[in-house]
Amino acid sequence: MSAKLLEGRPIAERIKQELRLEIQRRGIQPVLSSILVGENGGAESYLRAQKKLSESLGISYQFHKLNTDTSESALIEFIQKLNNDKKINGIILQMPLPAHIDGRKMSNYILPEKDVEGMHPANIGKLLFNQAKIIPCTAAAVMELISSTSVDLYGKDVVVVGHSEIVGKPLALLLLEKLATVTVCHIGTSKRGKLEEHLRRAEVLIVAVGKPNLIKGPWVREGSIVIDVGINRVGDKIVGDVEFDQAAKRASWITPVPGGVGPLTATLLMRNLIESAKP
Ligand code: NDP
């Protein structure tokens with residue numbers, strides 16, 4: 001392997017230290033409130049990790065578990081109660097919600113200034129105008145990883161694979177703000193057999209699809225930066241979307257999976273919370 005590993009943990013540790021100092025300096029105790037509707041074992045272990053991280057930074061963490069049969073109107077009422085509580089700085093509605101609840105619609109009831117995931121239309125709108133204080137965490141994690149390489153994005157050919165609302169689309173906006181030349185590939189690109197052609201040009205490649213080995217090693221441009229957001233369980237292993245060993249022979253930087261983007265996202269959620277706690 002010739003690429004250097006782009007690991008998320010050391011960057012997360014630096015940001016956590018900055019956040020601890022900021023909380024101490026401002027003498028605040030931010031409050032994060034998390035709502036889970038129904039049973040979801042996976043989400044519950046994620047929430048325990050979120051609680052542990054919050055408390056290690058000096059953030060108070062509230063967990064609300066509502067019954068599976070909670071109606072949309074009852075959930076809206078609950079969200080509004082948290083919106084009106086001045087002590088609460090951030091609200092997270094854990095997805096997925098039970099089938100009878102429209103998750104997109106519910107998220108829009110969270111006040112934009114308490115939407116620490118940065119997915120409220122008002123926050124996405126601010127991202128478009130480069131005025132966002134709260135940035136979707138996974139996209140922000142990718143930007144932190146690129147920034148840690150000290151490579152200037154100005155005019156660079158950057159290819160994003162995946163155009164989801166939580167990763168690909170906000171990322172494209174953040175990259176444009178750096179004046180990168182951004183290409184966003186998606187299922188249409190693959191179906192037309194054009195993915196390789198775009199990837200071969202990529203000085204920076206970011207992949208967020210959720211399909212193991214979608215990106216073949218030989219497609220990776222020599223000397224490029226490769227950020228693999230994908231998380232896929234294959235047997236008892238977690239892998240990304242990129243053929244890691246082959247890609248690592250060609251790239252100059254590459255994220256491991258696990259250990260690249262993942263460890264940074266939860267920390268950046270906390271950074272959004274502390275941003276929300278600013279007067
Ligand atoms: P989505 O399923 O919402 O989006 C996947 C995207 O990939 C869509 O734009 C889809 O296009 C596109 N796509 C699907 N198949 C292909 C293909 N063959 N070629 C090109 N594009 C394709 O997923 P998310 O954005 O939520 O997540 C993507 C991956 O990132 C997942 O593995 C997820 O687990 C991981 N993830 C990791 C995080 C982390 O912290 N490390 C955080 C968030 C996500 P279309 O919709 O048109 O089919």
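Whatever order the structure lists ligands and atoms in, that order sets their numbers, starting from 1. What you see below is based on every heavy atom in this structure, not just the backbone, and it leaves out hydrogens, waters and symmetry mates.
When only interatomic distances are considered, the shortest N/O to N/O separation between T138 and ligand 1 does not fall below 3.5 Å. For ligand 1, the polar-atom distance check against S190 finds a nitrogen or oxygen pair separated by under 3.5 Å.
Around atom 47 (O) of ligand 1, the closest heavy atom drawn from H186, H163, K169 belongs to H163. Of the options D228, I231, D241, the smallest heavy-atom separation from atom 39 (C) of ligand 1 is shown by I231. Distances from atom 14 (C) of ligand 1 to the heavy atoms of I238, V207, V167, V209 put V209 nearest.
Following chains of ILVMFWY side-chain contacts shorter than 4.5 Å, one can reach F129 starting from L171, so the two form part of one hydrophobic cluster. Linking Ile, Leu, Val, Met, Phe, Trp and Tyr residues whenever their side-chain heavy atoms come within less than 4.5 Å leaves V158 and L205 in two separate clusters.
When side chains are defined from C-beta on, F244 does not count as touching V239, because their heavy atoms never get closer than 4.5 Å. Between L175 and I146 there is a side-chain heavy-atom pair separated by less than 4.5 Å.
The protein heavy atom nearest to atom 12 (C) of ligand 1 is G162 CA, 4.1 Å. Scanning the protein heavy atoms around atom 31 (C) of ligand 1, the nearest turns out to be G210 CA, 3.7 Å. Nearest protein heavy-atom neighbour of atom 3 (O) of ligand 1: S164 CB, 3.3 Å. Annotation: atom 35 (C) of ligand 1 to nearest protein heavy atom, V229 O, 3.5 Å.
In K126, the NZ atom is not crowded: 12 or fewer heavy atoms of neighbouring residues, nucleotides or ligands sit closer than 6.0 Å.
Salt-bridge annotation for E13 and R9: absent, with no side-chain N of the basic residue lying under 4.0 Å from a carboxylate O of the acidic one. We find that E275 and R271 are not joined by a salt bridge, their nearest charged nitrogen and carboxylate oxygen being 4.0 Å or further apart. Using a 4.0 Å cut-off between charged side-chain N and carboxylate O, K87 and D85 make a salt bridge. Using a cutoff of 4.0 Å between basic side-chain nitrogens and carboxylate oxygens, K81 and E77 are not scored as salt-bridged.
The distance from ligand 1 to the heavy atoms of T265 drops below 4.0 Å at these ligand atoms: 40 (O). Listed by number with element, the atoms of ligand 1 under 4.0 angstrom from any heavy atom of L214 are 18 (N), 19 (N). Residue-ligand proximity, V261 to ligand 1, at heavy-atom distances under 4.0 Å covers atoms 41 (N). Near G262, meaning under 4.0 Å from any of its heavy atoms, are these atoms of ligand 1: 40 (O), 41 (N).
Defined by atom type and a distance below 3.5 Å, a donor-acceptor pair is missing between the side-chain atoms of T68 and E39. Donor-acceptor pairing under 3.5 Å is recorded for the side chains of R20 and Q17.
Atom 27 (O) of ligand 1 is never approached by the protein to below 4.0 angstrom, counting heavy atoms only.
At least one heavy atom of V161 sits under 4.0 Å from some atom of ligand 1. At least one heavy atom of G230 sits less than 4.0 Å from an atom of ligand 1. Within the structure, ligand 1 has A208 among the residues with a heavy atom less than 4.0 angstrom away.
By the criterion of a heavy-atom distance under 4.0 Å, the side chain of K211, and not its backbone, is placed next to ligand 1. No part of T189 comes within 4.0 Å of ligand 1, judged by heavy-atom distances.
For the pairing with Y61, the side-chain hydrogen bond (donor to acceptor under 3.5 Å, both in side chains) check across E55, K51, Q50 returns one residue only, Q50.
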